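Worksheet for the structure shown next.
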Amino acid sequence: MADQAPAAALPRAAAPALRRVNLSWLGVVPFLLFTTLFLIAPIFYLVNGAFRTPEGAYTLDNLVALTGPDIWPSYWLSIRLSFTSAALGCVFGALLAWALQLGGLPPWVKRAFLTFAGVASNFAGVPLAFAFIATLGRLGLVTLILRDVFGFNLYGHGFNLFSFWGLAITYLYFQLPLMMLMMMPAMEGLRREWREAAESLGASGPQFWRMVALPVLAPSALGCFLLLFANAFGTLATVYALTSANFPVVPIVLFQQIRGNVLYNPNLGYALALGMVIIMAVSNTLYFVLRNRAERWRK
Amino acid sequence: MRRFPLFASLVALLCAAFFLVPLAATVNFSLRMRRGEISLDAYASVFRDDTFLSVLGFSALASLAAIALGALLVVPTAYWVRLRLPGLRPLTEFLSLMPLIIPPVVLVFGYVRIYGTASVLPLTMSEAGTNLLLVIGYTVLSLPYMYRAVDNGMAAIDIATLTEAAESLGASRLRTIATVIFPNVRSAIMSGAFLTFSISLGEFVITSLLNRPAFGPYLVQMGQDYAYQPAALAIMAFAFTWACMALMDFFATRKPGQGLLPFLRRKSP
């Protein structure tokens, strides 16, 4: 017993520091291996392919072709749709966050909205499409009520759920609650003292909003807008289920390309994917930057 | 006395209407399968369908596998990085957040090219390989949430002290992770698990492009073939999402060692 204890302790103490360093590195190898194989490698493959001709030579033709008449309309459609739904989500989400946080509504209203928003912001994909077909489709409840009770023919006036505005409204179902959830902390950060200070200096309500509150909230709001934009840009399942893949936003075109090489050029498909990644990466990065900027006021 | 908050109420009412009307419409639609009366026929018809049960089973199994894989991958990594390699933290955090930037459709595009027929690791050539790739895809999608949940869980406990205590009692590294760290972040894992479950159960893009007989593609098919069943499915999906979010929230706010049900909580002095 007395002999064993030092014997067991010895190799441990004698083990060179080198060994510990090696072991430490081993601890993250599974994670790094996994992310390299299933996250980095696929993207690298696509990015690399985007700069190649089918024969394997380096070229920029694929990227140039993105702005050509075949692909660009899809990007433009995606950008417009994402912009519209993000803008709508931003405005209404921020208004709702304001109403709940500073509007003087009873606390149970806020709790109810918070719970619901957590669910609604995650309620996307195919079921969301079904819900909106039952609401604003040709036989949807709202469409029928407008027609039978108010005598207003929604579809006769050019509305179509399976078109630009229909999709924008459908996206709003997850965009609005997401914006609300993200803006609540920012609204909470608006100190009561600032308002009092502004008022004691003679500022009116609108002046306070224009010169104090909005500049403080602007980085958060802009950051959230970019996140909503990226969120809408990557949406595929909802569009697919609503329009049966007949609405050529970028993700849908890419989906079709993977299914059956509809562009007749695999490398153009890689460029399409690269363009999508770039747009997502830029808006997400700016979101992180702006979020950090916004947190300055929250200490 | 305060003025009645007219504008705020108006905003809240409008938004509440926007949230609730589609749900009400969907419930209404799902009950109209029998002409002229209210019935649960649409729901019954969904449950009677053998395909429904088989795709649901497949998706549930794949999601559970993704959760297990995610936990196995994330818990040791987050632990190790916190304990020994804090310098690598930015890297692991960045990698875990990357799936938020890479759309699933791009990810699966890379998969079918790299792990397709003519590759060194032709996973999509066999049924089992494709299933594995599907599980891996789900794991990647849930990585940001899993990592964040587990890392937050680790922040709440003193892993350095726990590790020293375990080691001074003679526990091996593996044993420390399995019997000391793991139980202490179980709540965090569960919280991440429910979010993963709600994301992957109805996942469509990766599932469909890998041609798996799962719930997402089944939903789309139902939407193309039927009128009332999709509404019933949407309501069930909403309820399911709600349950997942509630459970996620419950486990996220639960402290280590706390009782399972909130009302059984021991009052702290």
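Bear in mind that the values here come from a model prediction, so they are computed numbers and not experimental data.
For Leu97(B), the part sitting under 4.5 Å from any heavy atom of chain A is the side chain, from C-beta outward, and nothing else. For chain B, no part of Tyr287(A) is nearby; none of its heavy atoms comes within less than 4.5 Å. For a residue to count as touching a neighbouring chain, one of its non-hydrogen atoms must lie under 4.5 Å from one of that chain's; by this rule Phe34(A) touches chain B with the side chain only. With a threshold of 4.5 angstrom between heavy atoms, Ala230(A) does not approach chain B through any atom at all. Leu274(A) does not touch chain B: none of its heavy atoms, backbone or side chain, sits under 4.5 Å away. At a 4.5 Å heavy-atom cutoff, the contact between Tyr270(A) and chain B is made by backbone and side-chain atoms alike. When heavy atoms are compared at a cutoff of 4.5 Å, Leu143(B) approaches chain A solely by way of its side chain, counted from C-beta outward. For Leu96(A), the parts lying under 4.5 angstrom from a heavy atom of chain B are both the backbone and the side chain. Only the side chain of Ile40(A) comes within contact range of chain B, with heavy atoms under 4.5 Å apart. With a 4.5 Å cut-off on non-hydrogen atoms, Leu172(A) touches chain B through its backbone and its side chain both. Phe113(A) touches chain B through its side chain: at least one heavy atom from C-beta onward sits under 4.5 Å away, while N, CA, C and O do not. For Tyr115(B), the part sitting under 4.5 Å from any heavy atom of chain A is the side chain, from C-beta outward, and nothing else. Of the two parts of Ala16(B), the backbone and the side chain both hold a non-hydrogen atom closer than 4.5 Å to a non-hydrogen atom of chain A. For Ile235(B), no part lies near chain A; criterion is any non-hydrogen pair under 4.5 Å. For Leu91(B), the part lying under 4.5 angstrom from a heavy atom of chain A is the side chain only. Residue Leu13(B) does not touch chain A at all, counting heavy-atom pairs closer than 4.5 Å. Residue contact with chain B, scored on non-hydrogen atoms closer than 4.5 Å, involves the backbone and the side chain of Leu95(A) alike. Contacts between Ser198(B) and chain A at a heavy-atom distance below 4.5 Å are absent for every atom of the residue. If you measure heavy-atom distances from Ile102(B) to chain A, the contacts under 4.5 Å come from the side chain alone. For Asn284(A), the part lying under 4.5 angstrom from a heavy atom of chain B is the side chain only. In this structure, no portion of Leu72(B) lies under 4.5 Å from any heavy atom of chain A. Heavy atoms of Tyr45(A) lying under 4.5 Å from chain B belong exclusively to its side chain.
With respect to chain A, the highest number of heavy-atom pairs below 4.5 Å among Leu195(B), Leu10(B), Val21(B), Thr241(B) belongs to Thr241(B). Here Gly269(A) is the residue among Ala117(A), Ser283(A), Gly269(A), Ala124(A) with the most heavy-atom pairs under 4.5 Å with chain B. The candidate with the highest count of non-hydrogen atom pairs below 4.5 Å against chain B, out of Phe132(A), Tyr173(A), Phe233(A), is Tyr173(A). Looking only at heavy-atom pairs under 4.5 Å with chain B, the residue among Val109(A), Leu144(A), Val277(A), Asn231(A) that has the most is Val277(A). Heavy-atom pairs under 4.5 Å with chain A were tallied for Asn211(B), Thr139(B), Leu233(B), Val205(B); the largest tally goes to Val205(B). For the set Val74(B), Leu100(B), Thr92(B), the count of heavy-atom pairs under 4.5 angstrom toward chain A peaks at Thr92(B).
Contact check on Glu167(B) versus Arg173(B) returns a salt bridge, with a Lys/Arg side-chain nitrogen under 4.0 Å from an Asp/Glu carboxylate oxygen.
Closest non-hydrogen pair, Leu107(B) versus Pro42(A), comes out as O-CB, 4.2 Å. Scanning all heavy atoms of the two residues, the minimum distance from Met187(A) to Ala94(A) falls at CE-O, 3.6 Å.
Ring pair Tyr147(B)/Phe31(A) is tilted by interplanar angle, where 30° to 60° counts as tilted. Taking the six-membered ring for Trp and thresholds of 30 and 60 degrees, Phe116(A) and Phe19(B) have ring planes inclined between 30 and 60 degrees apart.
Centroid-to-centroid, the aromatic rings of Phe130(A) and Phe29(B) stay 6.0 Å apart or farther. Ring-centre distance between Phe204(B) and Phe215(B): not below the 6.0 Å cut-off.
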_Could you go through Phe123(A) and Trp242(B), starting from their C-alpha distance and side-chain angles, then the distance that decides it, and tell me whether this counts as side chain to side chain contact (heavy atoms under 4.5 Å, CB included)?_
CA-CA 9 Å; Phe123(A) 181 65; Trp242(B) 192 301; over 6 Å; no

*Derivation and outcome, side chain to side chain contact (heavy atoms under 4.5 Å, CB included), residues Ile279(A) and Tyr75(A)*: CA-CA 10 Å; Ile279(A) 290 181; Tyr75(A) 270 101; 4.0 Å; yes

*Criterion side chain to side chain contact (heavy atoms under 4.5 Å, CB included) on Tyr171(A) and Ser82(A), from CA distance to verdict*: CA-CA 9 Å; Tyr171(A) 284 13; Ser82(A) 309; 5.6 Å; no

*asked:* Test side chain to side chain contact (heavy atoms under 4.5 Å, CB included) on Met179(A) and Phe92(A); report intermediate values, then the result.
replied: CA-CA 8 Å; Met179(A) 181 69 181; Phe92(A) 289 106; over 6 Å; no

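Atom CZ of Arg212(B) has more than 12 heavy atoms from other residues, nucleotides or ligands within 6.0 Å.
Side-chain contact, Tyr145(B) with Thr196(B): no donor N or O sits under 3.5 Å from an acceptor N or O. Between the side chains of Thr163(B) and Tyr79(B), at least one donor N or O sits under 3.5 Å from an acceptor N or O. A side-chain N or O of Tyr138(B) and one of Thr207(B) form a donor-acceptor pair less than 3.5 Å apart.
Between the CG atom in Asn246(A) and the CD1 atom in Ile252(A) there is a gap of 9.0 Å [rounded to 0.5 Å].
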